Amino acid sequence: MTAATPKRASVALPYALPSVAGALRAVESLLLSGGQRTARRNAWTAVLEDRRRAKDRVETEHVLEAVSDATSHAT
């Protein structure tokens with residue numbers, strides 16, 4: 001650092017900055033009624049559950065393929 005370059009002062013914030021998810025929840029609570037909020041959360045939970053089931057289905061297919069390959073070579 002040269003003499004012409006000023007040092008940056010670190011600023012301590014008196015509060016923690018909200019996370020993006022927390023900020024979105026705050027905006028959501030202002031814009032949506034309780035029922036709409038619950039419906040949106042239920043829909044998102046259903047999406048996550050569908051993704052989990054799809055992942056499980058793919059993993060099961062891989063296992064079944066591996067087992068069928070192993071048994072077809074043995075006969």
Side-chain angles (χ1 to χ4, degrees):
M1 198 168 4
T2 64
T5 308
K7 288 185 177 181
R8 285 192 166 191
S10 56
V11 178
L13 297 176
Y15 53 88
L17 293 175
S19 66
V20 173
L24 289 174
R25 277 193 292 275
V27 170
E28 174 191 60
S29 68
L30 291 172
L31 297 177
L32 300 177
S33 69
Q36 289 173 322
R37 207 168 33 241
T38 301
R40 189 195 61 79
R41 286 190 184 139
N42 288 345
W44 182 244
T45 301
V47 167
L48 295 177
E49 184 63 21
D50 287 346
R51 289 179 181 175
R52 186 196 60 77
R53 279 195 299 268
K55 180 182 169 204
D56 289 347
R57 188 170 43 252
V58 168
E59 290 173 356
T60 301
E61 287 175 5
H62 290 303
V63 169
L64 291 174
E65 287 172 4
V67 169
S68 71
D69 287 344
T71 56
S72 65
H73 295 297
T75 58

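All values derive from a computational prediction rather than experimental measurement.
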Report the residues that fulfil salt bridge (charged side-chain N to carboxylate O under 4.0 Å, His left out) with Arg41, sequence neighbours left out, ordered by chain and then residue number. Glu28
Partners passing side chain to side chain contact (heavy atoms under 4.5 Å, CB included) against [X] (at least two apart in sequence or in another chain):
X	answer
Asp50	Arg53
Ala54	Arg57
Glu59	Lys55, Asp56
Leu48	Trp44, Arg51

State the CZ-CZ distance between Arg40 and Arg37, to the nearest 0.5 angstrom. 9.5 Å
Report the hydrophobic cluster partners of Leu24, with the cluster defined as I, L, V, M, F, W, Y residues connected by side-chain heavy atoms closer than 4.5 angstrom, directly or transitively. Val20
Nearest heavy-atom pair of Gly22 and Ser19: which atoms, and what distance? N-OG, 3.0 Å
